[in-house]
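Counting starts at 1 for both ligands and their atoms, in listed order. Numbers here simply count residues along the sequence, with the first being 1.
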Amino acid sequence: MIAIGLTGGIGSGKSTVAEGFVRRGAVLVDADAIVRRQQAPSSPVFVQMVQRFGDGIVAPDGTLDRSAVASIVFADPDALADLNAITHPPVGREIRRRISELEATDRLVVLDIPLLGERLASGEAPRYRTSGILVVDAPIDVAVERLVRFRGFEEQDARARVASQLPRQERLALADWVIDNSGGVDALDAAVDAAYRWASGLAHVEPVAAQAGR
Ligand code: ADP
């Protein structure tokens with residue numbers, strides 16, 4: 001398995017790059033998607049969240065009201081810690097399970113893990129071994145414009161979200177390869193081609209068993 005750690009600020013185009021890698025044959029391990037699946041109505045995670053935060057986090061259609069959860073934990077560090085204690089262990093287990101299925105294969109695996117950049121920048125040991133780190137980069141104004149145009153953000157909210165993330169230069173400093181996504185979709189496609197070629201030539205990460213034997 002070649003494992004790429006993918007990171008990029010909101011609106012940078014990280015999800016678009018992940019899709020481009022999948023189209024070219026990579027396997028995506030998308031932590032956000034795993035979390036969303038694990039929060040499906042009546043799942044263990046969903047039940048624990050409702051026990052902790054109340055029925056106010058359940059939307060009329062019975063699914064999780066993510067914005068209600070976000071507004072509770074935004075203002076309350078204890079609530080955030082409780083949310084993380086409920087959601088992080090199962091997503092970590094599922095990511096490790098996916099990696100263990102893939103690590104003895106020749107697949108190119110893209111790990112899209114929220115806060116990967118923040119973690120690396122703060123000097124925390126990476127939780128998952130990678131062959132290289134791919135950063136998707138776009139100027140702040142471009143990211144904000146995309147969030148407003150395509151994702152329905154108010155400009156002020158988009159700026160606040162971008163500003164709350166790892167500063168651009170700090171993220172770039174983590175990169176083994178950078179995709180500059182300041183241009184249009186054709187330029188991005190060419191940049192994904194080049195990044196995919198780079199990634200395909202990287203060293204495989206060794207399965208855990210092989211490492212333990214050293
Ligand atoms: P992220 O995952 O980094 O938040 P996305 O990949 O979802 O960002 O991109 C944000 C929005 O911008 C999406 O609607 C996407 O289709 C669009 N987008 C991404 N890159 C480009 C580009 N180079 N040109 C035009 N639109 C883009």
Side-chain angles (χ1 to χ4, degrees), residues 3-39 64-67 69-71 73-74 84 87-88 91 94-95 98 108-122 126-128 130 132-199:
I4 301 300
L6 176 65
T7 177
I10 185 168
S12 64
K14 177 170 67 95
S15 312
T16 310
V17 167
E19 275 166 34
F21 265 71
V22 169
R23 229 178 304 121
R24 287 164 175 80
V27 180
L28 175 62
V29 176
D30 178 344
D32 271 341
I34 293 170
V35 168
R36 283 194 297 275
R37 271 201 303 280
Q38 291 182 335
Q39 292 175 340
L64 189 71
D65 182 344
R66 279 167 219 293
S67 59
V69 177
S71 49
V73 301
F74 181 71
N84 289 342
T87 58
H88 285 183
V91 70
E94 177 62 10
I95 291 170
R98 298 278 311 272
L108 172 55
V109 177
V110 176
L111 301 175
D112 183 349
I113 314 277
L115 303 183
L116 172 71
E118 279 77 356
R119 249 190 223 121
L120 292 172
S122 71
R127 288 200 192 153
Y128 308 102
T130 60
I133 300 291
L134 173 59
V135 171
V136 185
D137 179 62
I140 290 171
D141 286 344
V142 172
V144 167
E145 200 224 310
R146 285 182 190 142
L147 294 174
V148 170
R149 175 128 58 108
F150 300 119
R151 297 251 205 98
F153 276 72
E154 296 292 334
E155 174 165 350
Q156 225 183 352
D157 295 340
R159 283 201 187 277
R161 282 293 294 273
V162 172
S164 73
Q165 296 194 320
L166 194 63
R168 207 175 153 201
Q169 291 310 320
E170 286 184 40
R171 197 186 299 278
L172 284 169
L174 306 170
D176 296 308
W177 189 272
V178 177
I179 288 185
D180 169 7
N181 188 21
S182 54
V185 286
D186 289 345
L188 179 59
D189 204 49
V192 172
D193 263 340
Y196 195 88
R197 278 198 300 277
W198 159 74

*Which atoms form the tightest heavy-atom contact between V144 and A158, and what is the distance?*
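What the structure gives for the nearest pair is CG1-CB, 4.0 Å.
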*What are the two closest non-hydrogen atoms of I10 and A143, and how far apart are they?*
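Taking every non-hydrogen atom into account, O-CB, 3.7 Å.
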_Taking the side chain as everything from C-beta on, heavy atoms only, tell me whether L6 gets closer than 4.5 Å to L116._
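L6 vs L116: side chains apart.
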*Are L166 and L174 side-chain neighbours, meaning at least one heavy-atom pair lies under 4.5 Å?*
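Side chain of L166 against side chain of L174, heavy atoms only: contact under 4.5 Å found.
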For ligand 1, which atoms sit closer than 4.0 Å to a heavy atom of [X]?
{"X": "S12", "answer": "3 (O)"}
{"X": "G183", "answer": "22 (C), 23 (N), 24 (N)"}
{"X": "N181", "answer": "19 (C), 20 (N), 21 (C), 22 (C), 23 (N)"}
{"X": "T16", "answer": "5 (P), 6 (O), 9 (O), 15 (C), 19 (C)"}

*Is it true that G9 lies under 4.0 Å from ligand 1, counting heavy atoms only?*
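Yes, G9 has heavy atoms under 4.0 Å from ligand 1.
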*Is G8 near ligand 1, meaning one of its heavy atoms is under 4.0 Å from it?*
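It does not; every heavy atom stays at 4.0 Å or beyond.
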*Looking at CZ of F21 and CG of L108, how far apart are the two atoms once the value is rounded to the nearest 0.5 Å?*
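Answer rounded to 0.5 Å: 6.0 Å.
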*So, are R98 and E94 salt-bridged, with charged N and O less than 4.0 Å apart?*
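So R98 does not pair with E94 through a salt bridge.
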_Strictly below 4.0 Å, N to O, side chains only: are R171 and D137 in salt-bridge contact?_
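Looking at D137 together with R171, the answer is no, because their closest N to O distance does not fall below 4.0 Å.
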*Pick one of side chain, backbone, both or neither for how L147 approaches ligand 1, counting any non-hydrogen atom pair under 4.0 Å.*
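It is neither; nothing of L147 touches ligand 1.
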*Of the listed options E145, R151, R146, R149, closest to atom 1 (P) of ligand 1 (non-hydrogen atoms)*: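 Shortest heavy-atom distance from atom 1 (P) of ligand 1: R151.
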*To which protein heavy atom is atom 25 (C) of ligand 1 closest, and what is the distance rounded to 0.1 Å?*
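Residue, atom and distance for the closest contact: V185 CG1, 3.9 Å.
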*asked:* Quick test: of every protein heavy atom, which one is nearest to atom 2 (O) of ligand 1, and how far off is it to 0.1 Å?
replied: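 In this structure, atom 2 (O) of ligand 1 has S15 OG, 2.5 Å as its nearest protein heavy atom.
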*Compute the shortest N/O to N/O distance between F150 and ligand 1 and return yes if it is under 3.5 Å, no if not.*
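No, since none of the N or O atoms of F150 sits under 3.5 Å from an N or O of ligand 1.
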*N or O pair under 3.5 Å between G13 and ligand 1*: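 Yes, G13 has an N/O under 3.5 Å of an N/O on ligand 1.
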*Under 3.5 Å donor-acceptor, Y128 side chain and L111 backbone*: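 Checked: no pair found.
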